[in-house]
Colleague: 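First the structure, which I've put down as structure tokens, then a few questions once you've had a look.
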Protein chains: 2
Amino acid sequence: MARTTGSHSDITGPRIRAAAQDLFARHGYAAVSMRRIAGAVGVQAGALYNYTRDKQSLLFDLMQAHMEDLLAALDAEPRQADPLERLRAFTRFHIRFHLERQDAVFIAYMELRNLDPGNFETIEALRRSYEDRLEAILRDGVGDGTFTVADTKVATLALIGMLNGINTWYRAEGRLTLEQVEQIYWDMVRRAVAG
Amino acid sequence: MARTTGSHSDITGPRIRAAAQDLFARHGYAAVSMRRIAGAVGVQAGALYNYTRDKQSLLFDLMQAHMEDLLAALDAEPRQADPLERLRAFTRFHIRFHLERQDAVFIAYMELRNLDPGNFETIEALRRSYEDRLEAILRDGVGDGTFTVADTKVATLALIGMLNGINTWYRAEGRLTLEQVEQIYWDMVRRAVAG
DNA sequence: GTCTATAACAGGATAGAC
DNA sequence: GTCTATCCTGTTATAGAC
């Protein structure tokens with residue numbers, strides 16, 4: 001739909017971010033031009049610069065917002081004491097959150113190398129912060145004998161790698177329901193670190 | 001070192017592929033120009049077209065060669081009968097092969113979306129073929145009671161995801177030796193599918 | 001806030017000389 | 001087989017009109 005001149009500051013900004021997220025996820029940051037993003041929104045390329053300083057900021061803002069959403073949502077989960085229950089809750093949370101935001105997750109991983117160095121450091125710090133949440137669960141569980149793992153840092157990365165893989169193959173219309181996937185992965189996570 | 005006019009067909013081809021692999025892995029296919037690849041090799045951009053039809057073929061040939069190497073190397077491994085030993089051998093093979101080829105592995109995963117549709121199908125078929133090798137091990141082990149997994153296809157993808165994650169963090173000069181990493185991951189793989 | 005127009009430059013690929 | 005030169009297209013970002 002063609003757009004004519006007018007004022008839409010309150011909706012154009014979000015639409016630009018949504019279009020950029022969709023296009024970056026599908027084709028990659030470097031392969032998507034500002035003109036193409038503008039076209040998807042229905043404005044001319046020059047108008048984008050009312051909302052973002054440049055293309056790099058557009059990418060960084062998407063990634064930062066995603067990582068901050070992730071940490072905020074995790075911290076908003078109910079607290080529990082038992083390490084096994086905390087691990088179960090983390091597993092379930094991770095799967096759901098990531099499957100609900102496939103585009104943002106994909107970008108946050110694939111486009112790290114297209115971030116300017118300072119921006120890269122910011123995103124990496126947020127990622128480490130998320131990993132630390134899981135490692136704390138494992139460490140507590142090792143302390144009370146719930147878990148047996150040789151190295152909590154490596155186990156953390158192994159579990160996150162396993163869970164992240166779901167995003168590469170799961171489709172809502174596929175053979176398995178979300179609940180079935182959660183159950184299968186929880187079984188494997190639990191056994192992988194079992195005491 | 002500057003190059004002058006001359007004939008070097010037997011070494012320039014491999015050098016182009018090596019430079020492209022390095023640059024694609026570091027910056028991404030879309031972000032690397034033919035001029036930059038040529039610069040890394042020490043020739044002018046036009047000379048590249050004596051060795052590759054176009055940029056897309058350069059990417060595809062790298063990915064296809066990597067996947068075919070992977071399958072050939074796996075099939076060259078000693079055969080064993082016991083499912084647990086076969087899974088152990090697969091785990092060890094996967095870790096070693098992938099850590100020895102970090103650039104090729106990274107490209108084979110990250111640049112799938114930059115392949116033309118026909119090329120994409122070819123690479124995907126090779127990838128599925130590799131996954132099928134692991135699934136066959138799990139299925140045999142479920143059959144004789146060695147393993148207990150609810151869904152061999154999902155378990156295959158979960159294990160490969162877990163193992164692939166190593167490439168994102170392992171560094172030869174880091175805290176752990178390759179042998180230690182292999183041991184830790186084998187422990188987790190074994191327990192995750194234990195009967 | 002969006003438009004049109006444009007500056008300034010980089011991209012893939014090819015032609016023809018050597 | 002490699003070079004230089006070039007075609008043609010596309011890129012980010014900005015300027016000024018409305």
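In the text below, chain A, chain B and the rest are named by the order of the sequence lines, each starting its count at 1.
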Colleague: Applying ring-ring contact (aromatic ring centres under 6.0 Å, His included), can you list everything that pairs with A/Tyr29, at least two apart in sequence or on another chain?
Modeller: A/Phe24

Colleague: Applying side chain to side chain contact (heavy atoms under 4.5 Å, CB included), name anything that partners A/Arg79, two or more places apart in sequence or on another chain.
Modeller: none

Colleague: Less than 4.0 angstrom between a side-chain N/O of B/Gln44 and OP1 or OP2 of D/dT2, yes or no?
Modeller: no

Colleague: Which nucleotides of nucleotides 7-15 of chain C have their base under 4.0 Å from a protein heavy atom (B), which only their sugar-phosphate (S), and which neither (-), written as one string 5' to 3'?
Modeller: ----BBBB-

Colleague: Mind calculating the distance between CD1 (B/Ile16) and P (D/dG1) to the nearest angstrom?
Modeller: 11 Å

Colleague: Taking A/Thr146's backbone N and O only, do any of them form a donor-acceptor pair with A/Asp144's side chain (distance below 3.5 Å, no angle check)?
Modeller: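 Side chain of A/Asp144 to backbone of A/Thr146: a pair is present.
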
Colleague: Does the side chain of A/Arg86 come within less than 4.5 Å of A/Asp140's, by heavy atoms?
Modeller: yes

Colleague: Would you call the rings of A/His98 and A/His94 parallel, tilted or perpendicular, where under 30° means parallel and over 60° means perpendicular?
Modeller: parallel

Colleague: Salt bridge or not between B/Arg88 and B/Glu182? Use side-chain N to carboxylate O under 4.0 Å.
Modeller: no

Colleague: Whole-Å distance between C/dT4 P and A/Leu48 CG?
Modeller: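 Going from A/Leu48 (CG) to C/dT4 (P), I get 14 Å.
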
Colleague: Please determine whether a side-chain nitrogen or oxygen atom of A/Thr12 lies at a distance below 4.0 Å from atom OP1 or OP2 of C/dT2.
Modeller: yes

